[in-house]
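Everything below concerns the one structure shown next.
Chain letters run A, B, ... following the sequence lines, proteins first, then strands; residues in each count from 1.
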There are 2 protein chains.
Amino acid sequence: MTKTSPSPAAIKAWARLMRVSRQLMEKVEDALKENGLPPLAWYDVLHELAEAGEGGLRPFQLIERTLFAQYNISRLLARLEADGLIEKLPVADDGRGQTIRITGSGRETRRRMWAAYGRSIAELVGARLPVEDLETLATLLGRLRDPPAGD
Amino acid sequence: MTKTSPSPAAIKAWARLMRVSRQLMEKVEDALKENGLPPLAWYDVLHELAEAGEGGLRPFQLIERTLFAQYNISRLLARLEADGLIEKLPVADDGRGQTIRITGSGRETRRRMWAAYGRSIAELVGARLPVEDLETLATLLGRLRDPPAGD
DNA sequence: TCCATATCAATGCAACTGCATCTATATGGA
DNA sequence: TCCATATAGATGCAGTTGCATTGATATGGA
């Protein structure tokens, strides 16, 4: 028999989690907008692609690494390509697929985004909790992940 | 001089916060959909209105209590009204305004939503951390709120 | 080889969001 | 009283998301 009614502590943690994450996300989006930069979603993709290096990534790999839906990635990549931040290359051994590679312009945009994004994280998170508490927070959040294992 | 570059601990906490909150939110939305229920946003409003009781709330009060933008509340209320879950009443002493009151049908929908929503919270949050950790989590998240005071 | 099924990615359509603006009423001061 | 300004809420429009489906290639078995 599974428990179906949440404890007050669970409800409170949930409510805080929802509220704080939305609030902080909004602040970051605002900071990016103020600096004339693209939305946060672009950063996530550019970040993954930058880490992947010259080999690039397949769209389905981006879906695995980020939390975007397939159609979302498809259109996001179309926008990034239109802006010259990525390029789509055909894949030799799979005619259905493509490899996505970040361009120089893409790296530059990512860098400028990080200037605003990183500053926001420092102010909104880093400056509000000591390192020890930040680590505790990360650990506790980690236990809520799905699947509840790995890093 | 303000620090502009976030610590690794801050980055990790931030990343977890974003990822976990999105993941959990999505799971809750899925659970609601599977039960043929409206999206989470509707719950937030119905919840506030149910707590407010017969006196109802003005739209701007809903904006204060939730994190919705003005235009968002305006249209959300239109949908809720179209579904008969709320009613809009004129305000005696302010011709610009209206009072929003939840209907019986609204309370019933809220109740059915809570059955799925509460179960999700119990499974996704309550079952994954002991009460003490849930309280710690809520406290730490509370320090990230804006403004960083009050409850 | 041929076909059924699976996988990769794109897209039509309806709903929703964000932004800016608009209408209507309220309020305070000249 | 009259007007400038402020506040409450709605809305047009463009961009984005979610859902379902489609087009295209791959793969494995008969």
*Look at the side-chain N and O atoms of B:K33 and state whether any lies under 4.0 Å from the OP1 or OP2 oxygen of D:dG18.*
no
_Rounded to whole Å, please give me the gap between CZ in B:F68 and P in C:dC19._
16 Å
*Rounded to the Å, how far apart are B:I100 CD1 and D:dA10 C1'?*
12 Å
*Interatomic distance where CG belongs to B:L67 and C1' belongs to C:dT17 [whole Å]*: 15 Å
_Joint cluster assignment, A:I100 & A:Y71, ILVMFWY side-chain distance < 4.5 Å_ = no
*Sidechain N-carboxylate O distance under 4.0 Å for A:R58, A:D94*: yes
*Given C:dC8, is OP1 or OP2 found less than 4.0 Å from the side-chain N or O atoms of A:Q61?*
no
_Here's a test for you: under side chain to side chain contact (heavy atoms under 4.5 Å, CB included), which of A:N35, A:V28, A:D30 qualifies with A:L32?_
A:V28
*asked:* Check the phosphate of C:dA10 against A:K88, side-chain N and O only, distance under 4.0 Å to OP1 or OP2. Yes or no?
replied: yes
*Can you label the angle between the A:W114 ring and the A:Y117 ring as parallel, tilted or perpendicular, going by 30° and 60°?*
perpendicular
*Calculate the interatomic distance between B:R22 atom CZ and D:dT17 atom C1'; express it in whole Å.*
14 Å
*Taking only side-chain nitrogens and oxygens of A:N72, does any of them come within less than 4.0 Å of OP1 or OP2 of D:dT16?*
no
*asked:* Run the salt bridge (Lys or Arg N to Asp or Glu O under 4.0 Å) test on A:E26 and A:R19 for me, step by step, so that the C-alpha distance in whole Å, both residues' side-chain angles and the decisive distance to 0.1 Å come before the verdict.
replied: CA-CA 11 Å; A:E26 214 162 286; A:R19 188 165 280 257; over 6 Å; no
*Looking at A:R79, does any N or O in its side chain come under 4.0 Å of the phosphate oxygens OP1/OP2 on D:dT17?*
yes
*Rounded to the nearest angstrom, tell me the gap between atom CD1 in B:I73 and atom C1' in C:dT17.*
13 Å
*How does each nucleotide of nucleotides 20-25 of chain C score, in 5' to 3' order, for protein heavy atoms under 4.0 Å: base (B), sugar-phosphate only (S), or none (-)?*
----BB
*State the pairing partner of C:dT25; accept Watson-Crick or G-U wobble contacts with both distances under 3.5 Å, and report none otherwise.*
D:dA6
_Rounded to whole Å, please give me the gap between CG in A:L77 and P in C:dC8._
15 Å
*Could you tell me whether B:R16 and A:E135 make a salt bridge, using a distance below 4.0 angstrom between a side-chain N and a carboxylate O?*
no
*asked:* Return whichever of B:F60 or B:R75 has its heavy-atom-nearest nucleotide of DNA chain D closer to the 5' end.
replied: B:F60
*asked:* Need to verify one output field. Residue with the more 5' nearest nucleotide on DNA chain C, A:S74 or B:A92?
replied: A:S74
*asked:* How many whole angstroms separate atom CG of A:L89 from atom C1' of C:dC8?
replied: 16 Å
_N/O donor-acceptor pair, side chain B:R58 with base D:dG9, under 3.5 angstrom_ = no
*Salt-bridge criterion met for B:R143 and A:D133 (N-O under 4.0 Å)*: yes
*Quick one: which of A:L57, A:L49, A:L89 gives a side chain to side chain contact (heavy atoms under 4.5 Å, CB included) with A:R101?*
A:L89
*Rounded off to whole Å, could you give me the CD-to-C1' distance for the B:E29 and D:dT17 pair?*
12 Å
_For D:dA20, the Watson-Crick or wobble partner whose two distances fall under 3.5 Å_ = C:dT11
